[in-house]
Engineer: 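Pasting in a structure now, in structure tokens, and then I'll have a few things to ask.
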There are 2 protein chains.
Amino acid sequence: MTTSLLQVPPPQGLLRPLAVPERLLLGPGPSNVPPRILAAGGRQLLGHMHPEVLQVMDEIKVGIQYAFQTQNQLTLAISGTGHCAMEAALLNLLEHGDTVLVAVNGIWGQRAVDIARRLGADVHELLKPPGEYFAPWDIEEGLAQHKPSVLFITHGESSTGVLQPLEGLGELCHRHGCLLLVDAVASLGGAPIFMDQQEIDVLYSGSQKVLNAPPGSAPISFSERAREKMLRRKTKPPSFYLDMGWLANYWGCDGEPRRYHHTAPINSFFSLREGLAVLSELGLESSWERHRANCTLLCQGLRDLGLELFVKEEKVRLPTITTVRVPEGYNWKEITAFLMDNHAIEIAGGLGPSAGKVLRIGLMGCNSTSGNVERVLRALRDALSHLRRSRL
Amino acid sequence: MTTSLLQVPPPQGLLRPLAVPERLLLGPGPSNVPPRILAAGGRQLLGHMHPEVLQVMDEIKVGIQYAFQTQNQLTLAISGTGHCAMEAALLNLLEHGDTVLVAVNGIWGQRAVDIARRLGADVHELLKPPGEYFAPWDIEEGLAQHKPSVLFITHGESSTGVLQPLEGLGELCHRHGCLLLVDAVASLGGAPIFMDQQEIDVLYSGSQKVLNAPPGSAPISFSERAREKMLRRKTKPPSFYLDMGWLANYWGCDGEPRRYHHTAPINSFFSLREGLAVLSELGLESSWERHRANCTLLCQGLRDLGLELFVKEEKVRLPTITTVRVPEGYNWKEITAFLMDNHAIEIAGGLGPSAGKVLRIGLMGCNSTSGNVERVLRALRDALSHLRRSRL
């Protein structure tokens, strides 16, 4: 062709090479991805129905069953990030007019409220200030008052650094005829969770936290009780992509021959499979212990710097993401920028209700090491003294 | 710990290495990913709000504007596969009770009908048998009869191998006060499409076809007319993850400071950026010409083998995916299995309304070469003669 039909020319920015600097990602996620998992995601593609891919999916399924400590058949990975799993959980469980109780002590509860309202549910909020957690009697009061069919609660509140105790909540919900839905995006693999023993009905997580895979797939599992509620639906869920009936079939959870549903993010599954393999090799208990020990080390170091931890009680401190109050006289943005510019380390400010109040430091999966604790403390010390000097 | 709390042991399958054989993927997608794009996806992660990631997103945006031939500000990539983009288009455009007309001549129209019904829309179908396409008067009749606010039509019907002519449809829709929504998952980069000149209001595609990136992100763009319809919504869309108001902000399309929305599939964006860069370097017109030429070569070769093309008229044959009737006396499953087992080549059977009737051969992006045409024809000749002999 001699004359071009094109009115939009090739963009100049795309004619330059992709630039990706190396950084230590100690924010609330994504975390760094170790070479083995990066390599898995960089393998050549296969078709989404090839037997090797179906086998990888089967391995992901048993990997999630291990990580969640569940025998649930309906266990799979969503083709989207952790947030997409939250939507999948809510839109499959809830129908227009269903009553749902959401425990809100940070951004994830707020998000669940937003989504449940979009779905036409009758939403009630159980509120706690950021940094606090829910006691069984708080929950019981809410269950008795609102009689919800689903309770949403966040295990690892990454915006505030709170680890919500789950002991007894499943039994409590079931006594009130309610299902227990738990967000474990930020906590899975970093703090003990026992889906079956704790009677959790729906549990989901993400790939990019302790599992150290890139974001793009999200583990989820449904108990028999949750499955029965979905089977009783009068209307189809408002999504085909996330319809658990179809996904259960594609993931081989329903005993039927697998049908094409959508083109899965195949190499995200390769990475997730490898992240679950690393966790299986290390063992859950070692992983929990590693995250606990390095978090303790970090907290001690932060206190030694004269900083104040945002979550007072040690037993409800999230071992994967530590929140510390922004020290008086400092601007949190200057601190995070200093670490990024001078140490190539990412730490984050607050999010939602904790915005402006805290700094958040994540130590997740391969990033949870005593070396990284020392590195981030050294960088923080540098930032605090430098920024103080620059004010004098 | 001496006694384990775990009731589910580490899965044995995950303690073996990941196995991924090399294959030539000549099905309807995913296509093979060239080393440069695989390497981009294998780069170390960055945070989803880091300036380098926001820049990659800006580059994706201009890359999509080029590929779509549009100046639309509201242009971005969905954090999911092509099917997720279909949902994003429908759930943002449609509200409960909206009338939508869906042109159904294959599986994608059927899927759009399914999703639109889930959204509570008043859905009308315009039907054609698989292998056929819609003439402007077919569309006009439907528009006049049903007075829809949105028309859905598929540019590249990958289940049947039909390329739908789009000339004049935008103008026609607008004359009837209707928006034009086009699925170009299988055609983008392989056949000319001009979003602005053809007055298309919503256009989306996938990453894993001509763009040769892994599945997991999906380009989408909205015209000013489409944006205005979304702004007039009385209810929020039933998804937060795919809410175009939030996504427009995260992608810097609304002129406001970018806020955290969700953790994007960052390395899928790296791959998509690189796929768009390859297309920009090659040039759209060269890419269209390459796909046309290799499709012609393939069609000639298939006829030389005595096979019958499923789509009769050359001008409506999809240049990226060629459909050929399953030859009499053969079982399609035996043919595809023979190619896979003996030549490590994937070709596919039919899908939805074309199931059992056709074989589908994809030549997309880097896979669209005369060498691959020869390779697949040789393999098919081998399969046909071998399977015939085995019957004698």
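Chain letters run A, B, ... following the sequence lines, proteins first and then strands; every chain starts at 1. These figures come from a predicted structure and were not determined experimentally. Side chains are part of it too, since the values below use all heavy atoms of this structure and drop only hydrogens, waters and symmetry mates.
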Engineer: Does any heavy atom of chain B fall under 4.5 Å from the side chain of E274(A), the backbone, both, or neither of them?
Structural biologist: side chain
Engineer: Quick check: does any side chain N or O of Y241(A) sit under 3.5 Å from a backbone N or O of T81(B), one acting as donor and the other as acceptor?
Structural biologist: yes
Engineer: Examine whether an atom of L276(B) lies under 4.5 Å from a heavy atom of chain A, and if so say whether it belongs to the side chain, the backbone or both; otherwise answer neither.
Structural biologist: both
Engineer: Within the structure provided, determine whether E52(B) and P21(A) are in side-chain contact (heavy-atom separation under 4.5 Å).
Structural biologist: yes
Engineer: Taking the side chain as every heavy atom from C-beta outward, state whether T70(A) and V8(B) have any pair of such atoms under 4.5 Å apart.
Structural biologist: no
Engineer: In Å, rounded to the nearest 0.5 Å, how long is the span from CD of Q7(A) to CE of M195(B)?
Structural biologist: 14.0 Å
Engineer: As an exercise, state the distance from CG of L14(A) to NZ of K61(B), rounded to the nearest 0.5 Å.
Structural biologist: 13.5 Å
Engineer: With a 3.5 Å distance limit and no angle check, can you tell me whether E281(B) reaches the backbone of L15(A) through a side-chain donor-acceptor pair?
Structural biologist: no
Engineer: So which of Q12(B), Q197(B), Q71(B) has the biggest tally of heavy-atom pairs under 4.5 Å with chain A?
Structural biologist: Q197(B)
Engineer: For residues T263(A) and P30(B), determine if any side-chain heavy atom of one lies less than 4.5 Å from a side-chain heavy atom of the other.
Structural biologist: yes
Engineer: Can you list everything that forms a salt bridge (charged side-chain N to carboxylate O under 4.0 Å, His left out) with E346(A)? Sequence neighbours excluded, please.
Structural biologist: none
Engineer: Non-hydrogen atoms of chain A under 4.5 Å away: do they reach the side chain of S31(B), the backbone, both or neither?
Structural biologist: backbone
Engineer: With chain B, which of P238(A), S271(A), G352(A), G216(A) has the greatest number of heavy-atom pairs at distances under 4.5 Å?
Structural biologist: P238(A)
Engineer: In terms of heavy-atom pairs under 4.5 Å with chain A, which of I115(B), L351(B), L242(B), T235(B) leads?
Structural biologist: L351(B)
Engineer: Heavy-atom distance under 4.5 Å between the side chains of P215(A) and I266(B), does that happen here?
Structural biologist: yes
Engineer: Less than 4.0 angstrom from a charged side-chain N to a carboxylate O is my criterion; do R43(B) and E22(A) meet it?
Structural biologist: no
Engineer: Tell me, out of L6(A), V33(A), L119(A), who's got the most heavy-atom pairs with chain B below 4.5 Å.
Structural biologist: L6(A)
Engineer: In Å and rounded to the nearest 0.5 Å, what is the CG to CZ distance from L18(B) to F270(A)?
Structural biologist: 6.0 Å
Engineer: Would you say that R23(B) contacts L46(A) through its side chain, given a criterion of any heavy-atom pair below 4.5 Å between the two side chains?
Structural biologist: yes
Engineer: Is it true that a side-chain atom of E87(A) and a backbone atom of S239(B) form a donor plus acceptor pair closer than 3.5 Å?
Structural biologist: no
Engineer: Roughly how far, to the nearest 0.5 Å, is the CD atom of E285(A) from the CG atom of L5(B)?
Structural biologist: 5.5 Å
Engineer: Tell me which of these, C84(B), P192(B), A277(B), has more heavy-atom pairs under 4.5 Å with chain A than the rest.
Structural biologist: C84(B)
Engineer: Okay, side chain of R118(B), backbone of K236(A): is any donor-acceptor separation there less than 3.5 Å?
Structural biologist: no
Engineer: Quick check on the interface: out of A39(B), P237(B), G63(B), S268(B), who has the most heavy-atom pairs with chain A under 4.5 Å?
Structural biologist: P237(B)
Engineer: As an exercise: rank R117(A), R36(A), H48(A), Q55(A) by heavy-atom pairs under 4.5 Å with chain B and give me the winner.
Structural biologist: H48(A)
Engineer: Is the shortest side-chain heavy-atom distance between H83(A) and H261(B) below 4.5 Å?
Structural biologist: no
Engineer: Quick check on M49(A) against chain B: is it the side chain, the backbone, both or neither that has a heavy atom closer than 4.5 Å?
Structural biologist: neither
Engineer: Between S217(A) and chain B, which part of the residue has a heavy atom less than 4.5 Å away: side chain, backbone, both or neither?
Structural biologist: neither
Engineer: Quick one: of L284(A), D114(A), L45(A), who has the most non-hydrogen atom pairs under 4.5 Å with chain B?
Structural biologist: L45(A)
Engineer: Using non-hydrogen atoms and a 4.5 Å limit, figure out which bit of R16(A) sits close to chain B: side chain, backbone, both or neither.
Structural biologist: both
Engineer: Side chain, backbone, both or neither: which part of F240(B) has a non-hydrogen atom closer than 4.5 Å to chain A?
Structural biologist: both
Engineer: Checking L25(B) against chain A: side chain, backbone, both or neither under 4.5 Å from a heavy atom?
Structural biologist: side chain
Engineer: Rounded to the nearest 0.5 Å, how far does CD of Q44(A) lie from CG of N32(B)?
Structural biologist: 4.5 Å
Engineer: Counting heavy-atom pairs under 4.5 Å with chain A, which one of L279(B), D196(B), D243(B) comes out on top?
Structural biologist: D243(B)
Engineer: Pick one of side chain, backbone, both or neither for M86(B), based on which atoms fall under 4.5 Å of a heavy atom in chain A.
Structural biologist: neither
Engineer: Of all of G120(A), G47(A), G41(A), S79(A), which one pairs up most often with chain B through heavy atoms under 4.5 Å apart?
Structural biologist: G47(A)
Engineer: Say you draw a straight line from OH of Y260(B) to CD1 of I107(A); how long is it, rounded to the nearest 0.5 Å?
Structural biologist: 6.5 Å
Engineer: A264(A) versus chain B, heavy atoms under 4.5 Å apart: side chain, backbone, both or neither?
Structural biologist: backbone
Engineer: May I ask you to test the N267(A)-Q208(B) pair for a side-chain heavy-atom distance under 4.5 Å?
Structural biologist: no
Engineer: At a heavy-atom distance under 4.5 Å, which candidate from L38(B), V56(B), V20(B), V62(B) has the highest pair count against chain A?
Structural biologist: V20(B)
Engineer: Taking side chain as C-beta onward, heavy atoms only, is S280(B) less than 4.5 Å from P11(A)?
Structural biologist: yes
